[in-house]
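Both counts, for ligands and for their atoms, begin at 1 and track the order of listing. Keep in mind that the numbers below use all heavy atoms, side chains included, and drop hydrogens, waters and symmetry copies.
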Amino acid sequence: MKKLVAGNWKMNKTNGESYLLSREIIAGLTEKEFLKCDVVLCPPFTSLASVHSVIKESEVRLGAQNMHYKEDGAFTGEISGRMLVASGCDYVILGHSERRQFFYETDHLINLKIKKAISDKLIPIICVGETLEQRESGVYEKVVDEQVTLCLKEITKDDIEKILIAYEPVWAIGTGKTATPEQANSMHKKIREALANLFGEEISSKIRILYGGSVNDKNAKELFSQSDIYGGLIGGASLKPESFINIIKNT
Ligand code: 13P
């Protein structure tokens with residue numbers, strides 16, 4: 001399976017800054033990289049149009065960081081899937097731990113968003129991962145299994161192949177503390193088992209599971225060489241063109 005690297009810019013970069021950053025990223029990538037790796041940029045909503053204007057003739061794809069689960073209506077401050085598609089998005093990150101932690105998103109809400117994203121023809125990048133407390137108390141495998149099961153409730157076998165999962169241990173996000181390649185790979189295997197329980201082995205084997213949490217150009221190669229890590233969801237390092245390009249080159 002081809003790997004995928006996505007840059008989650010989070011709440012960083014104005015419209016103009018995003019334009020410049022995406023131009024620098026594009027300039028550093030060649031056909032060679034795209035043969036082995038899909039590349040997705042997920043800027044803030046306000047930068048979707050400017051980033052799209054830069055990448056639209058390239059192999060780089062556009063993603064958003066969130067969406068609402070309704071078609072349209074009185075939901076002040078929200079953005080719909082249709083709006084994202086019209087802005088050039090192919091992907092949307094859903095259930096990021098920062099959305100869970102700071103905006104109280106539950107697995108049930110994330111499940112509604114995933115279903116809507118699929119029906120809008122967006123590819124959801126679904127984030128799961130345990131907190132430090134959950135890891136230390138030994139319940140982390142159960143926690144992640146439950147997140148996968150609840151988030152994917154009522155998703156059909158036909159639709160499931162269109163999704164991506166990102167395993168992002170909360171204790172590794174923005175902390176500089178990466179999961180070891182073995183820790184990450186073993187959780188990816190657990191997630192694949194959870195997917196196999198829900199959808200069968202064959203379908204589960206086709207789903208790309210990304211790792212996220214303090215990935216940089218130094219640790220990417222080892223992480224991506226693990227048997228069940230099919231790329232990464234990159235935060236901080238995706239804001240530095242050189243680092244992000246090197247991460248892609250290391251897939
Ligand atoms: P960092 O790469 O900054 O740790 O962030 C990871 C992340 O949350 C990507 O979604």
Side-chain angles (χ1 to χ4, degrees), residues 3-13 18 21-22 25 37-45 47-48 51 60-67 84 89-103 105 110 113-114 117 122-132 134-135 140 143-144 147-148 151 163-181 183-184 187-188 191 208-224 226 229-251:
K3 295 206 165 62
L4 183 144
V5 170
N8 174 9
W9 295 4
K10 308 192 178 183
M11 195 176 74
N12 293 290
K13 304 291 171 188
S18 299
L21 176 57
S22 50
I25 291 169
C37 183
D38 293 323
V39 179
V40 183
L41 300 182
C42 305
F45 292 132
S47 298
L48 287 173
V51 174
V60 176
R61 291 286 168 265
L62 191 65
Q65 300 172 18
N66 184 27
M67 62 176 266
L84 298 183
C89 289
D90 287 311
Y91 292 81
V92 59
I93 298 170
L94 294 174
H96 193 279
S97 65
E98 287 148 17
R99 302 284 327 161
R100 293 172 186 261
Q101 190 181 346
F102 303 127
F103 303 97
E105 291 198 7
I110 296 159
K113 292 184 179 199
I114 294 168
L122 287 160
I123 301 169
I125 303 174
I126 303 160
C127 302
V128 295
E130 80 284 1
T131 61
L132 183 61
Q134 289 163 338
R135 175 148 288 254
Y140 57 100
V143 166
V144 172
Q147 287 174 342
V148 171
C151 285
I163 64 135
L164 288 151
I165 307 257
Y167 169 58
E168 299 206 311
V170 179
W171 47 272
I173 296 178
T175 57
K177 259 200 231 166
T178 330
T180 64
Q183 277 175 327
M187 278 308 285
H188 283 218
I191 292 169
R208 288 184 285 187
I209 306 173
L210 315 177
Y211 169 77
S214 296
V215 178
N216 58 39
D217 47 1
K218 309 272 178 315
N219 59 27
K221 200 178 182 80
E222 213 189 334
L223 283 161
F224 297 162
Q226 298 298 306
I229 300 186
Y230 284 93
L233 183 54
I234 323 296
S238 71
L239 300 170
K240 300 178 203 137
E242 216 185 299
S243 303
F244 190 60
I245 290 161
N246 281 331
I247 291 170
I248 294 164
K249 290 191 170 169
N250 276 313
T251 53

Inset, instruction - Evaluate the criterion side chain to side chain donor-acceptor pair (under 3.5 Å) for residue pair Ser18 and Ser47; output intermediate values, then yes/no. - result: CA-CA 6 Å; Ser18 299; Ser47 298; 2.7 Å; yes

Inset, instruction - I would like to know whether His96 and Glu168 meet side chain to side chain donor-acceptor pair (under 3.5 Å); could you show each step before the answer? - result: CA-CA 8 Å; His96 193 279; Glu168 299 206 311; 3.0 Å; yes

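Listed by first and then second residue, the side-chain hydrogen bond (donor to acceptor under 3.5 Å, both in side chains) pairs that reach into residues 232-251 come to none, sequence neighbours excluded.
Electrostatic pairing of Glu130 and Arg135 counts as a salt bridge here, judged by a charged N lying under 4.0 Å from a carboxylate O.
Listed by chain and residue number, nothing satisfies the side chain to side chain donor-acceptor pair (under 3.5 Å) test with Gln65 (two or more places apart in sequence, or in another chain). Listed by chain and number, the residues in a ring pair (Phe, Tyr, Trp, His ring centres under 6.0 Å) with Phe244 amount to none (sequence neighbours excluded).
Sorted by chain then number, the residues whose non-hydrogen atoms approach ligand 1 to under 4.0 Å are Asn8, Lys10, His96, Glu168, Ala172, Ile173, Gly174, Gly213, Ser214, Leu233, Gly235, Gly236.
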